[in-house]
Protein chains: 2
Amino acid sequence: MSENPSYKTRKVITIGVVSELTGLSERQIRYYEERKLVFPERSAKGNRKYSFADVELLIDIANKREEGVQTYEIRQDMLRAERKKEKKMRRELLRGEINARFGIQKER
Amino acid sequence: MSENPSYKTRKVITIGVVSELTGLSERQIRYYEERKLVFPERSAKGNRKYSFADVELLIDIANKREEGVQTYEIRQDMLRAERKKEKKMRRELLRGEINARFGIQKER
DNA sequence: CGTGTAAGGAATTCTGACACG
DNA sequence: CGTGTAAGGAATTCTGACACG
C-alpha cells in the first residue's frame, strides 16, 4: 500500500494542465522557468512536464507575484531556503554518524 | 506538510505520458476504456486525463493481459473486488455507529 | 477479441519576436 | 520587468473505420 511517495515529485503534467491547476498563463509559466524558478523535465520531443510539487511551487510564486515580489527576489529567497535546508541536513547527517559510532551503546 | 493525498487520484496525466509510463499503446489504453476498465476524465476540449492510480491499474491490466486474461474477465474481477470492498465498508460503518451509541462509555 | 494503422481534423505546445509599460 | 499576442511549424490527441486473426 502507498508504495510511492514520488506521486508528488514525478514530472508527468503538461503545461496546459498546469495552467488550469494554477490559474497562470502558459506564458507566465514559461517565463518563471526562464527566471529559473521552476525546472520542468522535457519529453522526447521537447514538451515540458511538471510535478505536483512544481504546481504547488507555482501557486506560491503566483501569490508572491500578486504581492508585488519580483521574480529575482523570489529566486533569492528560494536559494537562501535551499542553503539553509542543506546546512540542516549536513548537521543531521553528522549527528547520525556520531551516534553510529558512540551513541548507540547506551552505557555499559 | 503532506497536505494532499489526492496526488494519487487527481486526474492530470495525458494519454501520451500514460503510454510512456505503462508501455501500452494509446490504442490499447483507449480500448481498455471502451471495455470499462479505466475511467479517465476529460479536459474542456475532450482530451483524456488519468491519475497515478489509473496508471497503476493499467499496469495491472497489462500484466493480466500478458497472462492471457481477457478484458471481460478482468472487468468481472474488478467488479467483484469492488463489491467486496463496499460490503466491508458497510460493516465498518455499522460497527462505528454501534460504538458511537453504546461502545464509548466503557463501564459505569 | 484485441490491437495496428492510415485518415482528417482539431487542439496543444514550442520558439523567437514585437509590444507595452 | 512581466506579460500578452500573432506567427509558423511540429507533435498530440480525437474519432470512426478497415484489417487481421
Side-chain angles (χ1 to χ4, degrees), chain A residues 10-52 54-80, chain B residues 10-52 54-80:
Chain A
R10 200 89 188 271
K11 307 216 178 209
V12 296
I13 314 177
T14 53
I15 196 167
V17 178
V18 173
S19 175
E20 288 174 15
L21 259 30
T22 59
L24 293 166
S25 69
E26 298 184 9
R27 180 68 168 96
Q28 288 174 308
I29 297 167
R30 292 195 192 101
Y31 180 67
Y32 298 152
E33 178 182 358
E34 189 183 323
R35 300 314 310 273
K36 301 201 186 305
L37 299 180
V38 258
F39 305 92
E41 288 179 1
R42 296 286 182 136
S43 73
K45 291 134 187 172
N47 286 19
R48 272 167 267 247
K49 294 190 295 185
Y50 301 83
S51 66
F52 281 111
D54 290 331
V55 169
E56 289 175 15
L57 175 57
L58 282 165
I59 290 172
D60 290 343
I61 293 169
N63 289 145
K64 292 206 183 156
R65 283 292 303 130
E66 275 183 25
E67 294 168 21
V69 185
Q70 293 190 195
T71 58
Y72 178 80
E73 289 304 324
I74 297 173
R75 175 155 163 75
Q76 294 307 312
D77 287 351
M78 283 173 53
L79 291 175
R80 271 181 227 115
Chain B
R10 200 88 188 272
K11 307 217 178 209
V12 297
I13 314 179
T14 53
I15 196 167
V17 177
V18 173
S19 176
E20 287 175 17
L21 259 29
T22 61
L24 294 165
S25 69
E26 297 184 9
R27 180 69 168 95
Q28 289 174 307
I29 297 168
R30 292 194 193 102
Y31 181 67
Y32 299 152
E33 177 182 359
E34 189 183 322
R35 301 313 310 273
K36 303 202 186 302
L37 300 181
V38 257
F39 305 92
E41 288 180 2
R42 297 284 183 137
S43 72
K45 290 133 188 173
N47 284 22
R48 273 167 266 249
K49 293 189 296 184
Y50 301 82
S51 66
F52 281 111
D54 291 331
V55 169
E56 288 175 15
L57 175 57
L58 283 165
I59 290 172
D60 291 344
I61 293 169
N63 290 146
K64 293 207 181 153
R65 284 291 305 128
E66 273 182 27
E67 293 167 22
V69 185
Q70 293 189 195
T71 57
Y72 179 80
E73 289 304 324
I74 298 174
R75 175 156 163 74
Q76 294 307 313
D77 288 349
M78 283 174 53
L79 291 175
R80 272 181 227 116

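Chain letters run A, B, ... following the sequence lines, proteins first and then strands; every chain starts at 1.
Under the side-chain hydrogen bond (donor to acceptor under 3.5 Å, both in side chains) criterion, B/Glu20 pairs with A/Lys49, sequence neighbours left out. The salt bridge (Lys or Arg N to Asp or Glu O under 4.0 Å) test applied to B/Glu26 returns B/Arg30, not counting sequence neighbours. Residues satisfying the side-chain hydrogen bond (donor to acceptor under 3.5 Å, both in side chains) criterion with B/Asp77, sequence neighbours excluded, are B/Arg80. Residues forming a side-chain hydrogen bond (donor to acceptor under 3.5 Å, both in side chains) with B/Ser19 (at least two apart in sequence, or on another chain): none. Residues satisfying the side-chain contact (heavy atoms from CB on, under 4.5 Å) criterion with B/Leu57, sequence neighbours excluded, are B/Val38, B/Ile61, B/Met78. For the side-chain hydrogen bond (donor to acceptor under 3.5 Å, both in side chains) test, no residue two or more places apart in sequence or in another chain qualifies with B/Gln70. Taking the ring-ring contact (aromatic ring centres under 6.0 Å, His included) definition, one finds that B/Tyr50 meets it with nothing, sequence neighbours left out. Under the salt bridge (Lys or Arg N to Asp or Glu O under 4.0 Å) criterion, B/Glu73 pairs with no residue, sequence neighbours left out. By the side-chain contact (heavy atoms from CB on, under 4.5 Å) test, A/Lys45 is found to be paired with no residue, residues two or more places apart in sequence or in another chain being considered.
In this structure, B/Tyr31 does not reach the C/dG4 phosphate: none of its side-chain N or O atoms is under 4.0 Å from OP1 or OP2. Residue A/Tyr32 has a polar side-chain atom (N or O) positioned under 4.0 Å from OP1 or OP2 of D/dT3.
Remark: the backbone N or O of A/Phe39 is paired with a side-chain donor or acceptor of A/Lys11 at under 3.5 angstrom.
Side-chain contact between A/Tyr31 and A/Thr71 is present, with at least one heavy-atom pair separated by less than 4.5 Å.
One atom, CD of A/Glu20, and another, P of C/dA11, lie 14 Å apart when rounded to the nearest Å. Distance, A/Glu33 CD to D/dT3 C1': 16 Å, rounded to whole Å. Between the NZ atom of A/Lys36 and the C1' atom of D/dG2 there is a distance of 17 Å, given to the nearest Å. The separation between A/Gln28 atom CD and D/dG4 atom C1' is 10 Å, rounded to whole Å. The distance from atom CD1 of A/Ile29 to atom C1' of D/dG2 is 14 Å, rounded to the nearest whole Å.
Residues from residues 59-69 of chain B lying near DNA chain C, meaning a heavy-atom separation below 4.0 Å, are B/Arg65 in numerical order.
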- Represent DNA chain C in dot-bracket notation, 5' to 3'. Only Watson-Crick or G-U wobble pairs with both distances under 3.5 Å count; pseudoknot-style crossings use [ ] and interstrand partners use |. |||||.||.|.|.||.|||||
- Message: One character per nucleotide, please: for nucleotides 12-19 of chain C, 5' to 3', B when the base has a protein heavy atom closer than 4.0 Å, S when only the sugar-phosphate does, - otherwise.
- Response: SSSB-B--
